[in-house]
Chemist: 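Before I ask anything, here is the structure I am working with.
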Amino acid sequence: METKFSGSRWRQIERGWRKDSDTPVVAPDQTLAQMCFSLGISADRLAETGRDTAVEILREMERSKAPALDGAPELAGLEEWQQKVILNALDERPRSGREKALLLRTLAAKVEAEAAKEQTVEEEQRQAPGRSA
């Protein structure tokens with residue numbers, strides 16, 4: 001569920017008060033979670049603020065926006081230690097969950113493209129017996 005709000009509302013929340021009425025502003029949990037999600041702020045980071053309901057909403061947003069892996073082998077069937085090596089490499093500099101997912105999707109696309117090239121070469125070799133590559 002996405003929350004839509006204006007740029008002026010965003011600025012009020014950032015400031016913590018409304019200029020026109022000089023009153024304090026506290027973002028509703030859904031709005032705060034949406035702002036964090038838009039900025040790539042993790043639920044773990046938001047948890048440092050003590051806004052537990054917003055954290056749970058953000059966690060659900062992160063889960064629902066994560067790429068679907070149903071039916072796919074866990075990290076291409078890698079052993080657990082291999083998975084940890086890849087995930088630790090992504091953590092060498094701070095990255096949001098969205099950024100990590102994008103990096104993994106990009107890497108997967110490159111690996112799949114390379115595999116498709118290899119398959120094409122193999123098929124061409126099978127179709128032309130007696131010819132060397």
Side-chain angles (χ1 to χ4, degrees):
M1 162 173 48
E2 291 189 20
T3 303
K4 297 187 186 271
F5 45 93
S6 67
S8 61
R9 178 68 175 152
W10 185 292
R11 288 185 296 277
Q12 289 172 0
I13 293 168
E14 282 181 327
R15 279 192 307 269
W17 58 279
R18 288 180 57 149
K19 283 183 179 180
D20 59 348
S21 62
D22 201 29
T23 56
V25 173
V26 176
D29 293 319
Q30 177 66 37
T31 302
L32 181 58
Q34 183 66 45
M35 290 174 76
C36 290
F37 189 78
S38 297
L39 294 170
I41 297 170
S42 70
D44 291 337
R45 180 75 189 271
L46 181 58
E48 295 171 10
T49 67
R51 298 282 304 267
D52 296 335
T53 303
V55 170
E56 289 309 311
I57 293 169
L58 181 55
R59 285 192 206 289
E60 183 57 36
M61 292 171 77
E62 291 170 345
R63 279 190 293 272
S64 69
K65 300 289 183 180
L69 296 175
D70 295 338
E74 191 172 336
L75 281 180
L78 298 175
E79 293 181 26
E80 187 175 342
W81 71 268
Q82 293 168 316
Q83 295 175 33
K84 287 180 180 178
V85 167
I86 292 169
L87 295 174
N88 287 339
L90 291 174
D91 285 334
E92 285 184 8
R93 74 173 181 85
R95 290 185 170 92
S96 69
R98 284 170 71 184
E99 194 174 14
K100 288 178 189 178
L102 176 60
L103 287 168
L104 288 172
R105 282 193 301 271
T106 303
L107 179 59
K110 288 181 180 183
V111 170
E112 288 172 354
E114 189 61 36
K117 284 182 193 176
E118 290 173 6
Q119 184 176 2
T120 301
V121 169
E122 290 172 4
E123 288 173 2
E124 288 172 355
Q125 288 174 347
R126 277 194 298 261
Q127 291 175 357
R131 296 177 68 190
S132 59

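The figures here come from the full heavy-atom set of this structure, side chains too, leaving out hydrogens, waters and symmetry mates.
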Chemist: Using 0.5 Å steps for rounding, measure from the CD atom of Gln30 to the CE atom of Met61.
Modeler: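 Nearest 0.5 Å value for the CD-CE distance: 6.0 Å.
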Chemist: Measure the CD-OG1 distance between Glu123 and Thr120 for me, rounded to the nearest 0.5 Å.
Modeler: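 If we round to the nearest 0.5 Å, Glu123:CD and Thr120:OG1 are 6.0 Å apart.
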Chemist: Would you compute the distance between atom CG of Leu32 and atom CD1 of Ile57 and round it to the nearest 0.5 angstrom?
Modeler: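 Leu32 atom CG to Ile57 atom CD1 measures 8.5 Å (nearest 0.5 Å).
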Chemist: Nearest 0.5 Å, what's the CZ-NZ distance between Arg11 and Lys19?
Modeler: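 The NZ atom of Lys19 is 8.5 Å from CZ of Arg11, to the nearest 0.5 Å.
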Chemist: Report yes or no: does Gln12 contribute a side-chain atom to a donor-acceptor pair with the main-chain N or O of Val25 at less than 3.5 Å?
Modeler: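 Looks like no, no N/O pair under 3.5 Å.
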Chemist: What is the distance from atom OG of Ser8 to atom CZ of Arg18, rounded to the nearest 0.5 Å?
Modeler: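 CZ of Arg18 is found 8.5 Å from OG of Ser8.
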Chemist: Just so I know, are the side chains of Val121 and Lys117 near enough to count as touching, which here means a heavy-atom distance under 4.5 Å?
Modeler: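 No, side chains not in contact.
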Chemist: Nearest heavy-atom pair of Ala33 and Ala54: which atoms, and what distance?
Modeler: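 Closest pair (atom of Ala33, atom of Ala54, distance): CB-O, 3.6 Å.
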Chemist: Are Arg59 and Glu62 ion-paired here, with the side-chain N under 4.0 Å from a carboxylate O?
Modeler: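 No.
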Chemist: Closest approach of Arg51 and Pro28, non-hydrogen atoms and distance?
Modeler: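 Heavy atoms of Arg51 and Pro28 come nearest at NH2-C, 3.7 Å.
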Chemist: Could you state the interatomic distance from OG (Ser38) to CH2 (Trp10), rounded to the nearest 0.5 Å?
Modeler: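 Rounded to the nearest 0.5 Å, the OG-CH2 separation comes to 5.0 Å.
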Chemist: Mind checking what makes side chain to side chain donor-acceptor pair (under 3.5 Å) contact with Arg15, not counting sequence neighbours?
Modeler: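 Side chain to side chain donor-acceptor pair (under 3.5 Å) list for Arg15, sorted by chain: empty.
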Chemist: I need the minimum non-hydrogen distance between Leu58 and Ile41, along with the two atoms involved.
Modeler: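 Taking every non-hydrogen atom into account, CD2-O, 3.5 Å.
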Chemist: Carefully, step by step, assess Arg63 and Glu60 under the rule salt bridge (charged side-chain N to carboxylate O under 4.0 Å, His left out).
Modeler: CA-CA 5 Å; Arg63 279 190 293 272; Glu60 183 57 36; 3.0 Å; yes
Chemist: Do Leu46 and Val26 sit in one hydrophobic cluster, given that two such residues count as connected whenever their side-chain heavy atoms are within less than 4.5 Å of each other, even indirectly?
Modeler: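 In one cluster with Leu46: Val26, no.
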